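The shown structure was predicted, so the numbers you read here are calculated from the model rather than taken from an experiment.
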Amino acid sequence: MAQVPSLTIGDKVFTQSVAILEYLEESYPLKPLLPKDGVIRFKVREICEIIGSGIQPLQNLAVLKQFEESKQIDWAAKWIFKGLTALEKILETSSGNYCVGDDVTMADCCLIPQLYNARRFDVDVAQFPNIARVEKNLEVLEPFVKAHPSRQPDCPPE
């Protein structure tokens, strides 16, 4: 589909965010991204689904190009705000230091890129205190620092 992200390992190319995360979970189990407990695992997947299906596709460039340029930011911001509002409500009961408790999970891996996009479309993340708190806790962790879009070798100039 000519979309990001993609992950290349040897001669294999993996695409689609959650599929990549599931592959990493299964291939490198020493640092699990999914909790063992079924209910907590569900909560992680619920958050991933809200972000991956309920927010992110609606602000993809392919979708935005269907609108006049003057309406693109409003469209994207509307759906990001709606999704983050739902996510904030979930984090009221699920979050600890991170989206679900005090261990980094797939939910956190989905949240951070979405917050980057939220800012691209002028959504004030500060209006979501639980989301902002979780982001603050995550953004200092080395894997998240290294994964920031601006640190990628193929990141275009802003």
Side-chain angles (χ1 to χ4, degrees), residues 1-64 76 79-121 123 125-126 128-156:
M1 292 182 68
Q3 296 175 330
V4 292
S6 65
L7 172 66
T8 303
I9 300 176
D11 62 348
K12 296 193 180 347
V13 177
F14 301 89
T15 65
Q16 303 302 321
S17 300
V18 175
I20 291 169
L21 289 169
E22 292 274 355
Y23 170 79
L24 293 172
E25 173 72 7
E26 293 163 1
S27 300
Y28 304 95
L30 294 178
K31 288 280 193 174
L33 295 172
L34 284 172
K36 298 273 186 239
D37 179 271
V39 173
I40 299 170
R41 183 183 290 242
F42 165 82
K43 189 56 64 179
V44 169
R45 286 187 165 132
E46 177 184 36
I47 292 168
C48 292
E49 190 73 18
I50 288 171
I51 295 167
S53 297
I55 305 172
Q56 196 276 334
L58 296 168
Q59 39 92 58
N60 262 353
L61 289 178
V63 172
L64 293 179
W79 293 106
I80 292 169
F81 178 84
K82 183 175 181 170
L84 292 182
T85 299
L87 185 56
E88 177 70 14
K89 185 103 175 125
I90 289 172
L91 293 188
E92 286 176 7
T93 59
S94 72
S95 68
N97 287 322
Y98 309 118
C99 286
V100 181
D102 294 325
D103 293 316
V104 173
T105 67
M106 284 185 190
D108 303 299
C109 296
C110 291
L111 175 67
I112 293 300
Q114 185 54 64
L115 296 180
Y116 179 84
N117 277 347
R119 290 184 177 91
R120 283 182 50 224
F121 294 108
V123 175
V125 176
F128 305 105
N130 290 305
I131 292 172
R133 176 182 49 76
V134 167
E135 179 187 36
K136 184 177 177 183
N137 292 336
L138 288 166
E139 69 186 5
V140 298
L141 299 178
E142 183 180 0
F144 289 91
V145 171
K146 286 182 174 181
H148 192 277
S150 66
R151 293 183 175 260
Q152 303 314 303
D154 58 350
C155 179

Handout entry: Interatomic spacing from CG in L138 to SG in C109 - rounded to 0.5 Å
Key = 8.5 Å
Practice task
Kindly say whether the aromatic ring centers of F121 and F81 come within a distance under 6.0 Å.
Solution key: no
Handout entry: Spatial distance of atom CD1 (I90) from atom OG (S95) [nearest 0.5 Å]
Key = 11.0 Å
Exercise for the section: Find the distance between CD1 (I50) and CG (L111) and round it off to the nearest 0.5 Å. Expected result: 11.0 Å
Exercise for the section: Kindly check if the number of other-residue, nucleotide or ligand heavy atoms within 6.0 Å of CD (E142) is above 12? Expected result: no
Practice task
Would you indicate whether D103, at its atom CG, is surrounded by more than 12 heavy atoms from other residues, nucleotides or ligands within a distance under 6.0 Å?
Solution key: no
Exercise for the section: Could you check V123 against N117 for side chain to side chain contact (heavy atoms under 4.5 Å, CB included), going step by step and ending with a plain yes or no? Expected result: CA-CA 9 Å; V123 175; N117 277 347; over 6 Å; no
Exercise for the section: Measure the CG-CG distance between L21 and L33 for me, rounded to the nearest 0.5 Å. Expected result: 6.5 Å
Handout entry: Side-chain touch E92/K89, heavy atoms, less than 4.5 angstrom
Key = yes
Handout entry: Check: I131 and L115 side chains under 4.5 Å, non-hydrogen atoms
Key = yes
Exercise for the section: Take atom CD of E49 as the centre, draw a 6.0 Å sphere, and report whether it contains more than 12 heavy atoms from other residues, nucleotides or ligands. Expected result: no
Completion exercise
One should read off an interatomic distance between L87 CG and Q114 CD, to the nearest 0.5 angstrom, of 9.5 Å
Handout entry: Minimum side-chain heavy-atom gap W79-I55 below 4.5 Å
Key = no
Problem - F128/L91 under side chain to side chain contact (heavy atoms under 4.5 Å, CB included): CA gap, chis, key distance, verdict - result: CA-CA 10 Å; F128 305 105; L91 293 188; over 6 Å; no
Exercise for the section: For residues I51 and A107, report the shortest heavy-atom separation together with the two atoms involved. Expected result: CD1-O, 4.3 Å
Exercise for the section: Would you sort out whether Y23 and I9 count as a side chain to side chain contact (heavy atoms under 4.5 Å, CB included), showing the intermediate values? Expected result: CA-CA 11 Å; Y23 170 79; I9 300 176; 3.7 Å; yes
Practice task
Please tell me if the side chains of T105 and Y98 come closer than 4.5 Å, counting only heavy atoms from C-beta onward.
Solution key: no
Exercise for the section: Could you tell me whether the side chain of E22 reaches within less than 4.5 Å of the side chain of L34, counting heavy atoms only? Expected result: yes
Practice task
Kindly indicate whether the side chain of C99, heavy atoms from C-beta on, has any atom under 4.5 Å from the side chain of K43.
Solution key: no
Exercise for the section: Give a yes or no on whether the backbone of G96 and the side-chain of R133 come within a donor-acceptor separation of less than 3.5 Å. Expected result: yes
Handout entry: Distance, nearest 0.5 Å, that separates CG of N97 from CG of L141
Key = 9.5 Å
Problem - Residues E135, R119: salt bridge by 4.0 Å N-O rule - result: yes
Problem - Validation row: N137, D108 side chains within 4.5 angstrom (heavy atoms) - result: no
